Amino acid sequence: MSDSKQLAAAPIRAAIAELDPSQTLSVDEVAALLAAPPKPELGDFAFPCFLLARALKQAPPAIAAKLAEQLAADPNTGFAAVSALGPYINLKLDPAARTARVVSAALDPAWGALPDGSGKTIGIDYSSPNIAKPFGIGHLRSTAIGQALANLHRTLGYRVVAINHLGDWGTQFGKLMAAFERWGNEEALLDDPIQHLYDLYVRFHEEAKANPALDDEGRGWFRRLEQGDPAAHAYWERFRALSLREFHRIYERLGVSFDHEWGEAYYNNMLAALVDDVKASGITEESEGALVVKLDDLGLPPCLIIKSDGATLYSTRDLAAARYRYEQLGFEKFLYVVGHAQAVHFKQVFAVLDRMGYPWADRCIHVPFGMILGISTRKGTLVFLEDILNRGKELVREIMADREGFTDAEREQVSEQVSIGAIVFYDLSRGRIKDYPFEWDAILRGLRPGEHGPTGPYLQYTHVRLRALEEKFAEKFGALPEALSGEATEALHTADCAHLVALLERYPATLRQAASELEPAVISRFLLELAEGFNTFYSSGTRVLSDDEAATRARIALVVAVRRTLAHGLTLLGVPCPARM
RNA sequence: GCACUCGUAGCUCAGUUGGAUAGAGCGCCGGACUUCGAAUCCGUAGGUCGCAGGUUCAAUUCCUGCCGGGUGUACCA
């Protein structure tokens, strides 16, 4: 809820009460009803009168007319204009007061930080790549969404604990060991470990189609690993270390970091106790040689706790992990940023936690996302994320080739930032539940000359323009403004500027909405609107910097407010903000 | 079969939780660089909101049933 809505709602509430003393609408409820008129010329807010029709036994347009008349007659409402149009009352706020309040708030160092989550802890499980497989484009989704949600909640005041739930345990490890035993090559492993392990993994799956005995071999190796076999353990440790080295290189490029890298194996020594406790809670049964919790009444397949061969599963480790995390963190919420293909799995796990009697079971939330179509680790059609980052970087270098005034180091840094911005923003610009096909052109959109669109580079470019204005202002007038008074806003009383002010005012509510929907794209779309609003203003013919110092100071205050908001939002999304590009 | 999910302009997507004439971007076409960065901006065209019912003053939005795509559906993760 923006401040302006609250301010506007109070007099409306009073006018309604005057018309109908029995009316019980609160100021907050009135504020919630306020909407934006379809055209900005109509006003800043619109109040629909439908809800009052029944109580007053009058037609909405008649009510609107009466309320508008009352509001217009009262000099203390703070509205610059009130008019009824059909069933709506359209309200215009006093632009000077609003502009000064919003811009000054945006210039405050605390802009973007909110107290909502103060004292609360939120855990987030994201990225979570499988060891011994390359970090593919598919992992970008969980990584980018998870990091954005972590950043978002931190700025909302939460204590965020980011956990990388590495897939460092499980049957696929047995398969890898079996494959390495058969076809592994020491030299190849040292030369390019991930590539070699990936090749082995693909080959294993190909050959296993014709030779099912291979799968048994893989399961055998995994069993040896679980039983502490030294040879199996040595493989495990080695594969894991080699993989982590690669992952960390990518995380560093993406600006991603974790508080804990508690992989699946981390919970191994907690499994026995977990299995005992599940049994003790009396909800398990034997079925086809396995230990399961039946969930028929929820329309879910049984949750397997122990396989018929005695080994544990993903679910077992997730149950142990959930419990351990709660003990360690005492979280308010715990988010699992995992593809929607695993929706059933999480329903099962959360249901079992619930049946075990844990009251915090419903604080565990699966945050699903759509998949990237057309890639498969097993089929070997995987696209390495690092290849995409590098290719993007090359494209940016080409664009920058004919630009002067950049050192080699700057070119290196900027091409990295813009490339990452394009790729990360591409992923975060649509609703997370949407599937999308892997297409080089689409992913690298905005990185070729002449390409326009709602992209990361578009936002970065807008930011760069704003930065350039700030620098030019500083050269001429000195320090940038830190606030804006109501008397000084006149130069901003244009449609373009009012639009920007209204957008800025929405930023805190946008952050809250993104958090409540667990949807980074809410921020992405807001930033696109903001950048578009600024670019329209910038190209409109009105110069920010002029000989009129008062107007220049007002406009630069707005520029700084927009730039800071843009930078803040982009940082939340994990999109870098270069100063030049 | 069942469950989840998506279906809005040629394409990619919004739609403020039920409100005014359903909006953007891309692409097409046409414009704007001798003043702050053209990786930008402005304009034109483009719609039975998958289909059919229902709820009510009002449905793209809520309910039911279909149609179509995607993903799952016990010893992979």
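Sequence lines set the chain letters: A, B, ... in the order given, protein chains first and strands last, and positions in each chain run from 1. Nothing here was measured: the structure is a model prediction, and the numbers come from that model.
Between B:G72 and B:U17, the two P atoms lie 35 Å apart (nearest whole Å). Using P as the reference atom, B:A39 and B:A20 are 38 Å apart when rounded to the nearest Å. For the C1' atom pair drawn from B:U8 and B:G15, the interatomic distance equals 9 Å after rounding to whole Å. Nucleotides B:U16 and B:U56 are separated by 22 Å at their C1' atoms, to the nearest Å. Comparing B:A14 with B:G7, their C1' atoms sit 15 Å apart, to the nearest whole Å. Between B:U55 and B:G65, the two C1' atoms lie 15 Å apart (nearest whole Å). For the C1' atoms, the distance from B:U61 to B:G18 is 7 Å, rounded to whole Å. Comparing B:U48 with B:A22, their C1' atoms sit 14 Å apart, to the nearest whole Å.
Taking every side-chain heavy atom of A:Arg525 into account, B:A14 is the closest of B:A14, B:U73, B:A77.
Between the side chain of A:Ser287 and the base of B:A74, a donor-acceptor pair under 3.5 Å is found. Residue side chain A:Gln460 does not reach the base of B:A39 through any donor-acceptor N/O pair under 3.5 Å, judged by distance alone. Side-chain to base pairing of A:Asn535 with B:A38: no donor and acceptor N or O lie closer than 3.5 Å to each other.
Contacts between residues 419-432 of chain A and RNA chain B, defined by a heavy-atom separation under 4.0 Å, are made by A:Arg430, A:Gly431.
Judged by ring centres under 5.5 Å apart and planes tilted less than 30 degrees, A:Tyr538 stacks against the six-membered base ring of B:C36.
Base pairing of B:G72 is made with B:C2, judged by Watson-Crick or G-U wobble geometry with both donor-acceptor distances under 3.5 Å.
A donor-acceptor contact under 3.5 angstrom links the side chains of A:Tyr314 and A:Gln342, judged on distance only. A:Ser142 and A:Ser127 are not linked by any side-chain donor-acceptor pair at a separation below 3.5 angstrom, with hydrogens and angles left out of the test. Side-chain atoms of A:Gln6 and A:Asp28 include a donor-acceptor pair closer than 3.5 Å. Looking only at atom types and distance, the side chain of A:Asp496 has no donor-acceptor partner in the side chain of A:Thr542 under 3.5 Å away.
For the pair A:Lys92 and A:Asp44, the salt-bridge criterion is not met [side-chain N within less than 4.0 Å of a carboxylate O].
Pairs of residues two or more places apart, or lying in two chains, that qualify as side-chain hydrogen bond (donor to acceptor under 3.5 Å, both in side chains) and include a residue from residues 289-306 of chain A are A:Asp297-A:Arg355.
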* **Sequence-aligned protein contact record of nucleotides 62-72 of chain B, with B where the base is within under 4.0 Å of a protein heavy atom and S where only the sugar-phosphate is** => --------BSS

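Glycosidic conformation of B:C49: anti, with the torsion beyond 90° of 0.
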Taking only distance into account, with no hydrogens and no angle test, what donor-acceptor pairs under 3.5 Å do side-chain atoms of residues 470-478 of chain A form with protein atoms, sequence neighbours excluded?
from, atom 1, to, atom 2, distance (Å)
A:Glu470, OE1, A:Arg563, NH1, 3.1
A:Glu470, OE2, A:Arg563, NH1, 3.2

Quick one: side chains of residues 422-434 of chain A, donor-acceptor pairs under 3.5 Å with protein atoms, not counting sequence neighbours, listed by atom name and distance.
from, atom 1, to, atom 2, distance (Å)
A:Tyr426, OH, A:Arg430, NH2, 3.1
A:Asp427, OD1, A:Arg141, NE, 3.0
A:Asp427, OD1, A:Tyr436, OH, 2.4
A:Asp427, OD2, A:Arg141, NE, 3.3
A:Ser429, OG, A:Phe425, O, 3.2
A:Ser429, OG, A:Tyr426, O, 3.1
A:Arg432, NE, A:Leu518, O, 2.6
A:Arg432, NH1, A:Pro368, O, 2.8
A:Arg432, NH2, A:Glu517, O, 3.0
A:Arg432, NH2, A:Leu518, O, 3.3

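Taking A:Phe346 as the reference, A:Tyr336, A:Phe350, A:His366 meet the ring-ring contact (aromatic ring centres under 6.0 Å, His included) condition, with sequence neighbours excluded.
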